Structures are given as C-alpha cells and as structure tokens.
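Computed from a predicted model, the values in this text were never measured in an experiment. Each chain gets a letter, A, B and so on, in the order its sequence line appears, and its residues count up from 1.
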Amino acid sequence: MSAPPVPPASATVRVPAGTTAGAAVREAGLPANGPEAVVVVRDPDGRLRDLAWAPEADVDVEAVPADSEDGRSVIRHSAAHVLAQAVQQLHPEAKLGIGPPIRDGFYYDFDVATPFTPDDLKKLESAMKKIIKAGQRFSRRRFADKDEARKELADEPYKLELIDLKGPEEDVVEIDASGELTIYDNVHAHTGETVWSDLCRGPHLPTTRYIPAFSLTRTAAAYWRGDEKNPQLQRIYGTAWESQEALDAYLERVAEAERRDHRRLGAELDLFSFPDQIGSGLAVFHPKGGIVRKELEDYSRRRHEQAGYEFVNTPHITKGQLFRTSGHLEWYEEGMYPGMILDEERDADGNVRKPGQDYYLKPMNCPMHNLIFDARGRSYRELPLRLFEFGTVYRYEKSGVVHGLTRARGFTQDDAHIYCTEEQMEGEIASLLQFVLELLRDYGLDDFYLELSTRNPEKSIGSDEAWERATNVLRKVAEETGLHLVDDPGGAAFYAPKISVQAKDAIGRTWQMSTIQVDLMLPDRFDLEYTASDGSRKRPVMIHRALFGSIERFFAVLLEHYAGAFPAWLAPVQVVGIPVTDDQREYVEQVAATLRERGVRVEVDSGDDRMQKKIRTHTLQKVPFMLVVGARDVEAGAVSFRFRDGTQVNGVPVADAVAAVQAWIGRRDNTSPTAESFTAAH
RNA sequence: GCCGGUGUAGCUCAGUGGUAGAGCAACCGCCUUGUAAGCGGUAGGUCGUCGGUUCGAUCCCGACCUCCGGCUCCA
C-alpha cells in the first residue's frame with residue numbers, strides 16, 4: 001500500500017572511524033544515483049567532505065543530496081573541473097585560472113592565446129561528455145607543503161599565485177582557509193592512472209558520472225582575480241544540475257527571463273526606444289510608455305502630497321562650484337559628464353580676457369535642494385522640511401555598462417531630501433520606511449528584504465562618530481520593520497550610510513529599489529542651519545531618499561515583473577472594443593465614448609481584420625479588457641468581456657460593464673482580470 | 001574602459017564579389033465574420049558609418065559607431 005520508507009535525503013549517518021563516508025551512506029541505504037543521490041556529507045563542523053573521506057574517529061554526518069543547494073554546488077564545481085580538463089585536452093597550452101561554482105552554474109577561467117568561439121564550446125561539450133562517461137574518480141591528495149605544490153604546479157602560473165595567497169579574506173575554492181593545500185586527481189576508472197589534476201580544496205563528486213546534466217552557456221573575458229589592472233583571461237560559463245529535468249527547468253527559466261526582458265517588451269509594446277542618434281543610454285518614451293510613466297508618477301505625486309512633501313524643481317546643469325562644495329567633483333568626477341566652459345572671452349590675439357565658468361550636467365539633485373533650504377533663514381517650526389522632485393540627472397556610465405532602462409546615462413529620480421532635527425530623525429526614518437514599503441506594495445511589489453550599507457573608510461568623509469550615529473539609527477529602524485536585514489559592509493556612498501529595500505519580482509529575481517540615507521556631512525559642507533526654539537543656530541540632519549530610485553529603472557522592473565501585462569490602472573490601453581462585424585461598430589463606439597468620459601483609456605478596433613485576429617492582436621498587446629460585441633450583444637444592450645487569459649464573461653449589460661471596468665481600474669487592482677475575478681468583483 | 005560577438009525593410013530573419021528576398025507589421029481592396037493569424041494586392045532597404053582592396057563591395061580588409069554577453073564600475 002504505502003511506499004516503502006525512504007530515508008530522508010538529509011539523513012544523518014554515523015561514519016565509523018577509519019571507514020569512508022561513502023560506505024556509511026551506502027550502508028544506510030541512501031540513494032547513490034538519481035536526483036537525490038548523496039554526493040558529499042557535512043561533518044559535525046559544518047564542513048563538506050568527499051564520500052571518500054574516512055574520519056579518524058566515529059562521527060555523525062549529514063548526507064548531502066544532489067538536489068540540495070550544496071549538492072548542486074558540488075556538481076557544478078566538479079563540472080568546472082571536467083571543463084578545465086576538456087580545455088587542456090583540446091588546448092594543451094591553456095593555463096588554468098579559477099573555476100568555482102556560482103549561482104545556477106559554474107565558470108572556469110583560462111589563459112589561452114585566442115579566445116574561445118561558440119564552435120569551441122560545442123567541441124568542449126563533447127569532450128566533457130566523454131570524460132563524464134568515462135567515470136573518472138575525483139581523488140583528493142594533500143600536499144606536504146607549499147614547495148611540493150609549487151613543484152607540481154610549475155606549469156600553472158596562476159595556480160602558483162594562488163598558493164601564495166594567504167589570509168581568510170582571499171576566499172577561492174582552490175585554497176582552503178586553514179592553509180591546507182590539496183589537489184584533486186582525476187583517476188581513470190579502470191587503469192587507476194591519473195589523467196588530470198587540479199589544485200582544489202574540494203569537495204568533489206565521487207566520480208564524473210555523478211554529473212547528470214550540464215551545458216556550456218557562454219564565453220566572456222574576465223580580469224584575473226577581478227582586478228582591472230590584471231590580464232584578462234577567457235572565461236567559459238556553464239550550468240549543471242542534478243537531472244536533465246532540472247536543467248530543462250533552468251533553461252526554461254532563462255527563456256522566460258528573456259521573454260520578459262524590458263528591452264524586448266519595450267519594442268514589442270511600443271513603450272520606449274533608444275535612438276542611436278541621441279546616444280547610448282538615453283531613452284525616449286513613446287506615447288504608450290509615456291502613459292504608464294505618467295500613471296506611475298501621478299500616483300507617487302499624490303501619495304507624497306498626502307505625506308507632507310513639498311514639490312520643487314531644479315535645473316539640469318550647474319556651475320562646477322556647487323559640486324565642489326558637495327564633494328561630487330572630488331569623488332565622482334569620472335562618473336560625471338565632462339564640464340563645459342562657458343562665457344569665456346578672448347581678445348583679438350586669442351588671449352583670455354575673461355576666464356570662463358565651468359558647468360556640469362547634474363549627477364544628483366541634493367546640492368540643489370540644499371540651496372533651496374538655504375534660500376532663507378529656516379526655523380525649527382518648519383522641520384521636517386521635505387523637498388521632493390522628479391529630478392532628471394545625467395551620469396557618464398562607461399560604454400560597456402549601459403543596459404536598457406536599468407543602467408542609463410540619463411534618468412529621472414523620484415528624489416526627496418528631508419531636513420529635520422536630530423531628535424526628529426529616528427521617527428522620520430521609521431515613518432519613511434513604512435511609507436516606502438506601502439507605496440511599493442501599491443505598485444505590486446510585496447516581497448522585500450532590507451540591506452544596510454555601511455561606511456567604506458577608504459571612500460568617505462566625516463567623523464567616525466557621525467557615521468556611527470547615523471548607522472545606528474538606520475539599523476534600529478530597519479530592525480523594527482521585522483524584515484530580513486542583510487549587511488553590506490563598506491557599501492555606502494562617501495557621504496552617508498544607507499538602507500536599501502530589495503524587492504523580489506514575479507520570477508524571483510531581486511532588485512534594489514528604494515534607498516534611504518542619513519547624511520550628516522552635506523549639511524556641514526553647505527553650512528546649513530536652522531534657528532532652534534531657544535534662538536540658537538543648529539545644523540539640520542539631512543535624509544536622502546528615493547523610492548523608485550530611477551523612474552526609468554522602476555518602469556523596467558515593473559515591466560519585467562508583470563511580463564508586459566501591466567495592471568489595468570497602469571495599462572497604456574485599458575479597454576479595446578471589438579465589433580464582430582461592421583454592424584456593431586457604432587454601438588461599440590458609443591460604449592467606448594461612455595468609458596472615455598469616465599477616464600478609461602479605450603480604443604475601438606474597427607479595422608478589416610476578423611474578430612479572431614483582433615483578439616490575437618490585443619492579447620499580444622496585453623490589453624486587460626477586450627469588449628467583444630456581436631449582434632446578440634447589441635440586441636441585449638450588452639457587451640462580452642474577454643480577458644488576457646482567454647476567459648470570457650458574455651452578455652454583461654453596458655451600464656454594469658462600464659461601472660465594473662471603472663471600479664476595477666479605480667481600485668488599482670494589480671492582478672490581471674479574469675472571468676472569475678471580474679465576476680466576483682462586480 | 002577591457003574581451004568576445006553582432007549589425008540586411010518598422011519587427012523576426014534568409015541571401016550573394018556583378019548594387020537584395022521571406023514572414024509579420026503598414027497601406028489598398030475583397031470577404032461581414034462570435035473569442036489567439038480569412039484572401040488578394042501595393043509600398044517599403046545608400047545591406048550601421050567612413051575608408052581600403054577590386055573593373056565592380058551588402059559580401060573581403062581596416063577604423064569608428066550601435067546593440068548583445070561578460071569583466072571592471074554603479075553616488
């Protein structure tokens with residue numbers, strides 16, 4: 001009746017002294033193949049060990065199955081070794097870099113004379129398949145000392161370099177933190193001969209046969225040890241999984257992410273483009289994208305009004321002195337568009353008679369807002385003063401990094417600066433964080449965690465004491481939300497620590513969204529003051545915050561989150577009327593006119609296409625409501641709804657239909673209407 | 001910025017050392033249609049830009065630009 005009891009994959013197993021973990025696992029009847037095959041064990045110290053490991057005393061270990069995160073990492077790491085072996089088979093002159101497992105896959109870096117081609121990848125895949133089929137055993141061997149390792153690895157200059165790395169901060173899979181040096185020999189299944197070896201701390205699969213499914217995905221260059229000053233190696237990326245099914249599922253996730261790519265959807269849905277004539281990283285929004293953007297902004301404006309913000313506007317360009325005062329020119333000049341010299345005058349001989357002024361496009365809004373604060377004397381009664389602006393900024397991103405709307409050279413921040421007293425700071429930040437989370441939820445993002453970026457001593461200004469104070473307040477407030485809090489040491493900007501809200505999208509990717517920074521430095525630099533109740537002059541605390549970060553980027557995140565199917569309140573076209581024949585055209589136009597009067601964005605498709613074709617067209621355009629009207633509907637004074645998912649509700653009286661659509665949009669419901677949800681709602 | 005790839009009609013892509021084609025989209029007709037592509041026609045391209053090789057270049061070579069994937073960077 002019931003299936004025979006299978007030991008849970010994460011079973012604990014006792015390994016008797018002097019015997020191998022693998023033997024104990026087999027003894028316990030744990031799977032040796034399939035997706036749950038035990039690939040390594042975790043010892044009582046939490047360290048992963050090969051199945052060939054034989055402890056000196058009895059220990060209880062945890063069996064690690066292939067289909068766990070650790071299991072997959074081991075598969076991927078071993079797959080990286082197989083890749084390296086294949087590369088050296090086909091390109092004997094290739095020198096080895098490093099080859100770690102990464103999220104969803106692995107890579108290996110090689111120093112080769114000519115970069116790999118897609119064709120090379122195919123050849124390498126076949127070579128890897130042969131190695132896997134041969135069932136080579138991964139055999140761990142310990143070097144007596146560094147000299148022995150150096151001798152054996154004399155032909156591998158990069159590995160030699162790794163041997164001499166010391167200190168736990170150098171965490172690479174080749175070297176163990178304890179300083180123990182090991183090498184893995186790949187041993188021929190029958191002859192016992194060592195076929196290939198690689199410096200590595202392990203652990204590894206018992207044999208190459210434990211790599212059930214893999215694929216090489218792409219090639220790229222990468223600087224040796226991640227440093228721009230070092231030579232570039234050729235990197236090959238791959239992925240490996242516990243089963244063919246898991247690999248297929250992964251490839252499907254990648255394909256889904258591609259389908260959702262905002263650059264693709266932006267073109268397909270006619271939302272925005274990047275004309276070459278304007279320049280890299282500078283977007284134009286088409287009418288349909290413009291509507292979405294306007295809705296995003298309008299709603300944000302309304303919420304900010306309610307939350308006590310005041311709206312300001314500032315120019316896109318300013319004299320350099322402002323950014324010298326703020327420190328931006330000192331810290332970020334390379335990220336700014338080069339300055340331009342204006343108003344210079346020369347005499348007939350070309351000598352400068354009147355020196356020019358340097359102007360810069362603004363990379364940030366805060367200095368301008370500071371000037372607004374400083375435009376007149378400020379009283380404590382005015383604080384907190386919250387200045388908000390959709391401020392467009394320009395940053396000179398390096399040519400290789402611009403990426404659609406998510407990494408652009410010109411973008412608009414929903415930027416606000418809050419000036420408050422030291423006593424107000426904590427309460428202000430706490431309510432701000434709630435405001436941010438609430439607003440993000442209103443746009444349909446609801447899975448968050450927080451990140452606290454703290455001071456980088458090399459790249460910052462201000463006193464230790466000020467940083468500590470600001471950081472402590474941020475930490476306290478972040479902890480009070482109850483959300484998961486991740487530390488990001490050294491990740492802060494030069495002038496302030498920050499909390500960032502990370503949001504998870506519909507397919508599980510996380511995006512950095514809102515940021516909140518407590519700035520105790522810029523008020524000093526700008527010598528900002530307010531008059532306290534006792535008549536003394538005091539320095540305000542300044543809080544920087546952006547919810548969207550950049551509107552363009554937020555737009556892109558939502559576009560990908562919704563896969564182009566925006567909620568009805570954001571959709572560029574909310575309703576399309578589709579007459580079944582020309583006879584219903586006028587009737588549909590009337591229904592549309594009624595909707596339009598009520599502020600609904602509606603179009604009527606009165607083209608020559610057949611109804612089926614129109615449904616297809618507007619389904620692909622992700623229109624939330626299609627109103628199909630045939631003779632029967634006209635006769636009944638009704639319309640028939642068709643939704644994105646193909647479901648329908650027929651024969652809805654016009655007045656009900658109009659009211660229901662209006663209500664749906666007005667609620668800012670973030671789900672796509674379906675026959676079921678729509679019927680339930682009206 | 002660095003490495004590699006890429007660029008042909010609005011989009012997706014064929015193609016050739018003798019100046020180009022398909023599907024979709026657009027436009028025009030016919031059909032009058034009940035829930036994801038009806039039929040026919042028309043129009044549309046200095047083959048990314050500039051230079052070189054050649055009798056002749058969209059094709060071969062070089063430089064530059066765009067975009068894509070990485071690396072570095074991301075206030």
Under 4.0 Å, counting only non-hydrogen atoms across every strand here, what does [X] touch: a base, just sugar-phosphate, or nothing?
{"X": "A:Arg632", "answer": "base"}
{"X": "A:Asn650", "answer": "base"}
{"X": "A:His403", "answer": "sugar-phosphate"}
{"X": "A:Lys459", "answer": "sugar-phosphate"}
{"X": "A:Tyr495", "answer": "sugar-phosphate"}
{"X": "A:Phe494", "answer": "nothing"}

What I want to check is whether an N or O donor and acceptor connect the side chain of [X] with the base of [N] at under 3.5 Å.
{"X": "A:Asp276", "N": "B:rG48", "result": "no"}
{"X": "A:Tyr223", "N": "B:rG1", "result": "yes"}
{"X": "A:Lys614", "N": "B:rU35", "result": "no"}
{"X": "A:Ser640", "N": "B:rG34", "result": "yes"}
{"X": "A:Arg407", "N": "B:rC73", "result": "yes"}

Pairwise [atom1] distance, [M] and [N] [rounded to whole Å]:
{"N": "B:rU49", "M": "B:rC55", "atom1": "P", "value": "24 Å"}
{"N": "B:rA22", "M": "B:rG40", "atom1": "P", "value": "14 Å"}
{"N": "B:rG15", "M": "B:rC59", "atom1": "C1'", "value": "10 Å"}
{"N": "B:rU16", "M": "B:rA75", "atom1": "P", "value": "48 Å"}
{"N": "B:rU46", "M": "B:rU58", "atom1": "C1'", "value": "10 Å"}
{"N": "B:rG48", "M": "B:rA57", "atom1": "P", "value": "15 Å"}

If you only use heavy atoms from C-beta on, which nucleotide in [options] is closest to the side chain of [X]?
{"X": "A:Arg610", "options": "B:rC31, B:rC74, B:rA75", "answer": "B:rC31"}
{"X": "A:Gln232", "options": "B:rC71, B:rA36, B:rU32", "answer": "B:rC71"}
{"X": "A:Tyr237", "options": "B:rG70, B:rU32, B:rU35", "answer": "B:rG70"}
{"X": "A:Arg642", "options": "B:rU72, B:rA36, B:rA75", "answer": "B:rA36"}
{"X": "A:Thr581", "options": "B:rU35, B:rG69, B:rU32", "answer": "B:rU32"}

- Task: Indicate yes or no: does A:Glu635 engage A:Arg632 in a salt bridge with an N to O separation below 4.0 Å.
- Result: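 Judged by the 4.0 Å cut-off on N to carboxylate O distance, A:Glu635 and A:Arg632 do not form a salt bridge.
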- Query: Closer than 4.0 Å, any side-chain N/O of A:Thr219 to the OP1 or OP2 of B:rG4?
  - Reply: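 Indeed not, no polar side-chain atom of A:Thr219 lies that close.
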- Verify the neighbour count for atom CD of A:Glu676: are there more than 12 heavy atoms of other residues, nucleotides or ligands below 6.0 Å?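 No - once you tally the heavy atoms of other residues, nucleotides and ligands closer than 6.0 Å, there are 12 at most.
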